[in-house]
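Predicted, not measured: the structure shown is a model, and the values here were computed from it.
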Amino acid sequence: MDCIILMGIKHCGKSTQARLLSRELGAASYDTDDIIGDMTGKSPREIYREGGKEAFMAAETAACRQLAARLTESGERAVIATGGGICCNEEALAALRPLGKFVFLNAPEKAAADRIIREARELEGGGFENLPAYIASKGPRTILEVRSIFHAFYSERSALYSRAADITVDMGRAGKEENAAKIAALVAG
């Protein structure tokens with residue numbers, strides 16, 4: 001079975017690329033965050049907020065194990081978009097490893113940070129809502145503080161993704177379709 005398992009920082013394009021690649025390759029597309037939602041009735045953000053990192057990692061591991069069992073049994077080829085924190089979840093990585101190749105979608109830091117900031121809502125009196133938990137937990141009061149927190153996180157996570165990946169794809173500023181073609185070519189090579 002030759003699955004493509006996409007990983008990378010939040011907003012690097014994993015879900016979009018999974019859909020595009022699945023069409024191009026005639027494979028199924030799965031998103032582990034969607035599987036978590038189906039299994040728990042909660043979004044990953046809700047699980048993290050209510051139960052913390054450990055609860056989320058347990059849900060992510062269960063979702064990856066369920067998906068791996070389904071794909072192993074069916075022999076189905078798939079493109080899998082993982083959550084941004086999978087690089088820190090050894091059990092989830094181990095569940096998916098036998099399925100195929102891990103592909104690190106290495107998005108430019110500024111582009112990923114800009115997407116996070118676009119989704120955030122500035123609060124009266126300072127601060128933000130709708131930030132990823134790893135940024136929100138630091139209590140940033142300004143956009144500059146959000147970018148600074150993100151920078152440290154981006155650097156740390158990029159190193160973890162690189163170590164776990166079989167293939168690294170620099171996403172650059174190319175269009176979605178161009179990036180999908182680049183990923184497909186690298187995986188095939």
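In terms of hydrophobic clustering, with Ile, Leu, Val, Met, Phe, Trp and Tyr side chains grouped at heavy-atom distances under 4.5 Å, I116 and M7 are assigned to a common cluster. Transitive grouping of hydrophobic side chains (ILVMFWY, heavy atoms separated by less than 4.5 Å) brings I143 and I135 into a common cluster. In this structure, Y154 is a member of the same hydrophobic cluster as L131, with clusters built from ILVMFWY side-chain heavy atoms closer than 4.5 Å. Connection of I47 to I35 is not established within any shared hydrophobic cluster, with ILVMFWY side chains joined at heavy-atom distances below 4.5 Å, either directly or through further cluster members.
With side-chain heavy atoms closer than 4.5 Å counting as contact, directly or through intermediates, the hydrophobic cluster containing V103 also holds I4, L6, L21, L25, V79, L105, I167, V169, M171, I183, L186, V187.
Heavy-atom neighbours of K182 NZ from other residues, nucleotides or ligands within 6.0 Å: above the threshold of 12.
For the atom pair CZ of R77 and CG of L99, the computed distance is 12.5 Å after rounding to the nearest 0.5 Å. Interatomic distance, I36 CD1 to C64 SG, rounded to the nearest 0.5 Å: 7.0 Å. For the atom pair S137 OG and R49 CZ, the distance stands at 13.5 Å (nearest 0.5 Å). In this structure, CG in D31 is found 8.0 Å from CZ in R19, a value given to the nearest 0.5 Å. Taken from CZ in F153 to NZ in K10, the straight-line distance is 10.5 Å, to the nearest 0.5 Å. To the nearest 0.5 Å, the span separating CG on D34 from CE on M39 amounts to 13.0 Å.
N130 places a side-chain N or O within donor-acceptor distance of the main-chain N or O of E119, the cut-off being under 3.5 Å. A distance-only check finds a donor-acceptor pair linking the side chain of S74 to the backbone of R70 [under 3.5 Å]. Side-chain N or O atoms of E145 include one that pairs as donor or acceptor with a backbone N or O of R141 at under 3.5 Å. Not a single donor-acceptor pair under 3.5 Å links the side chain of N106 to the backbone N or O of T168. Counting only distance, with no hydrogens or angles, the side chain of T32 and the backbone of G83 share a donor-acceptor pair below 3.5 Å. Not one N or O on the side chain of R121 forms a donor-acceptor pair closer than 3.5 Å with the backbone of E129. Counting only distance, with no hydrogens or angles, the side chain of Y48 and the backbone of F56 share no donor-acceptor pair below 3.5 Å.
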R97 vs L93, test: side chain to side chain contact (heavy atoms under 4.5 Å, CB included). Steps then yes/no.
CA-CA 6 Å; R97 175 65 66 193; L93 288 170; 5.8 Å; no
Could you walk me through whether D114 and K110 satisfy the salt bridge (Lys or Arg N to Asp or Glu O under 4.0 Å) test, starting with their C-alpha distance in whole Å, then the side-chain angles of each, then the deciding distance to 0.1 Å, before giving a yes or no?
CA-CA 6 Å; D114 288 349; K110 183 178 180 332; 2.8 Å; yes
Working for side chain to side chain contact (heavy atoms under 4.5 Å, CB included), residues F104 and S158
CA-CA 9 Å; F104 168 31; S158 292; 4.2 Å; yes
For a side chain to side chain contact (heavy atoms under 4.5 Å, CB included) check, start with the C-alpha distance between K14 and I80, then their side-chain angles and the critical distance, and finish with the verdict.
CA-CA 8 Å; K14 297 178 299 284; I80 303 164; over 6 Å; no
Could you check L20 against K176 for side chain to side chain contact (heavy atoms under 4.5 Å, CB included), going step by step and ending with a plain yes or no?
CA-CA 8 Å; L20 290 170; K176 295 172 188 173; 3.7 Å; yes
What's the verdict on salt bridge (Lys or Arg N to Asp or Glu O under 4.0 Å) for R45 and D33, showing C-alpha distance, side-chain angles and the deciding distance?
CA-CA 10 Å; R45 189 172 282 193; D33 284 348; over 6 Å; no
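Looking at heavy atoms from C-beta onward, F150 lies out of side-chain contact with I117 at the 4.5 angstrom threshold.
The two residues N179 and A174 have their closest heavy-atom pair at ND2-O, 3.4 Å. Between E46 and G41 the shortest heavy-atom distance is OE1-O, 4.5 Å. In terms of heavy atoms, G84 sits closest to R157 at O-NH1, 3.0 Å. C12 and A107 make their closest contact through CB-CB, 3.6 Å (heavy atoms, listed as atom of the first residue, atom of the second, distance). Closest approach of A184 to E24, counting heavy atoms only: CB-OE2, 3.5 Å. Closest approach of F102 to A164, counting heavy atoms only: CB-O, 3.8 Å.
In this structure E91 satisfies the side-chain hydrogen bond (donor to acceptor under 3.5 Å, both in side chains) test together with R65, sequence neighbours excluded. When the side-chain hydrogen bond (donor to acceptor under 3.5 Å, both in side chains) test is applied to K42, the partners found at least two apart in sequence or on another chain are E50.
The closest side-chain donor-acceptor pair between E156 and Y134, if any, does not fall under 3.5 angstrom.
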